[in-house]
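Below, chains carry the letters A, B, ... as their sequence lines are ordered, and counting in each starts from 1. It should be emphasised that the depicted structure is a prediction, and the values quoted were computed from it without experimental measurement.
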Amino acid sequence: MDKGHIVTSFDAELARLTGLITQMGELAVAQIDGSVRALVRHDTKLAKKVVADDAEIDALEAEVDRAALNLMALRQPMADDLRRALAAMKIAPDIERIGDYAKNIAKRTVALDQAPVTTPIVTIPRMAQMVREMVRDVMQAFADHDIELARKVWERDVEIDESYDAVFRELLTHMMEDPRRITSCTHLLFTAKNIERIGDLATNIAERIHFQVTGDFIDEDRPKHDLSSVMVVEPREAGAGNG
Amino acid sequence: MANLAETQTTEGVPVANDDIPQAIRIAAERVSVFYGEKQALFDVDLDIASHSVTSLIGPSGCGKSTFLRCLNRMNDTIEGCRVAGNIKLDGVEILSDALDVVQLRARVGMVFQKPNPFPKSIADNITYAPRIHGLATTKADFDAIVERSLRRAGLWDEVKDRLDEPGTGLSGGQQQRLCIARAIAVQPEVILMDEPCSALDPIATARIEELIDELRQEYTIVIVTHSMQQAARVSQKTAFFHLGILVEEGETEQIFTAPRDERTQDYITGRFG
């Protein structure tokens, strides 16, 4: 939709709305990076910075609301313009939630630092890397109105679910091996869940982009592979020398 | 929760529903209009659903008013104007030479951009057409027509005490409602409106729009408007014309949220350069 409006200030207002969302997305990716780096490096200082920086995303979300409201009241957008305003209003809270999950990961990093025994963090950084790419790509899809890229992000969520299942199994095993690790493993379990939720939000955003660009919803069920809610790890599996 | 199913079945009474496909009142096929050598409308196919409001939108000169004026043969009054194709009202061809145009215009009423009451009393404005068409004879009958028409047009309470005063003394919005009352006095099936609110203030416009919504219970309404917000507010169907071509028609919601044709999109979003 590169054709400009007759009223050019309308274009400027739409561009500003899009710019705010892009800015939110960039901040969210930085927050994911920061929270995971802090986790892996046991960097409490960085973790605290991530917690503090979340307020910036919140402030941008409020600005998106104001800009979208003004656009609707003053310009009465139609068709793709209307879908664009609506998408911005729906994507902004999704990014804000992503920021909240990153903040929560950072908070747990501070708590983990005080846990009695540490647990090796193996799968979580890899999972976080995948989710970070999803968020980055979905924001690119938003900027470019690229429904193909949005769909690819949407399809990738199944990999995150599988990773989450692996982390869940891994952490349960650690807890059974050494109950002193329960505190740290519980925090890590929530951390993994937060990352998995970020993946869900990225797929939400992908769906909203699809609607914004085409006016239609993605009409299939999303592939899902989160088995953790029904998963049980038998003690035997954890013990050595059983087979 | 046990009686949930029961509630659902007892509520299954048929009600008027915008989702139910409606009967076609007017069927236009390959309608072309020529003003002398110049062709103003090209092979327009459009069905107008009964008991609904259809908006015709498009930039100036797109042919929307020309099309509207075909529906009650108003183009006959323009010298050198020729209409080709077929337009059926309830299955009967209205472009036929054998058709009584006066009778047609009683069935297909029209309201114009500028309120144009006759320079007569409010009551006489209403009774003029029924008198010509012989729809009433006694004073009581005429009084009943005046009251019924003014009530339907939402004007009765404002003018019932001064029916003998001139219609031209009313405010612009009242005059336009008087013209609508005048149009419905002969019990038409279809009401054509050519930018009925463009000379009115927002309050008078809102009252006409409310009236249009009420009138569609009984009549089929086709409205030409330059206000896209108005088309979005009042109509169930919208047809977009451009350069004499019907570009796209469909449910109003679809046209304004997800139009299929790029020209429609450009027009309604204000991108025509």
Show the atom names and distances, to 0.1 Å, of all donor-acceptor pairs under 3.5 Å that link a side chain in residues 21-31 of chain A to residues at least two apart or in another chain.
unit_1: T22(A); atom_1: OG1; unit_2: T18(A); atom_2: O; d: 2.9
unit_1: Q31(A); atom_1: NE2; unit_2: V50(A); atom_2: O; d: 2.9

For residues 40-47 of chain B, dump all side-chain donor-acceptor pairs below 3.5 Å to protein atoms at least two apart in sequence or in another chain.
unit_1: D43(B); atom_1: OD1; unit_2: S32(B); atom_2: OG; d: 3.4
unit_1: D45(B); atom_1: OD1; unit_2: R30(B); atom_2: N; d: 2.6

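Using non-hydrogen atoms only and a strict 4.5 Å limit, the part of residues 70-79 of chain A facing chain B consists of Q76(A), M78(A), A79(A).
A salt bridge links R208(A) with D94(A): the distance from a Lys NZ or Arg NE/NH1/NH2 to an Asp or Glu carboxylate oxygen falls below 4.0 Å.
In this structure, E162(A) has no salt bridge (charged side-chain N to carboxylate O under 4.0 Å, His left out) partners at least two apart in sequence or on a different chain.
Each of L86(A), T214(A), D81(A) has some count of heavy-atom pairs under 4.5 Å with chain B, and the biggest count is that of D81(A).
K237(B) NZ to E251(B) CD: the interatomic distance, rounded to the nearest 0.5 Å, is 4.0 Å. Here the CG atom belonging to D165(A) is positioned 8.5 Å from the CD atom belonging to E196(A), to the nearest 0.5 angstrom.
Q254(B) does not touch chain A: none of its heavy atoms, backbone or side chain, sits under 4.5 Å away.
In this structure, F217(A) and F211(A) have parallel ring planes: the angle between them is below the 30° cut-off, well short of the 60° mark.
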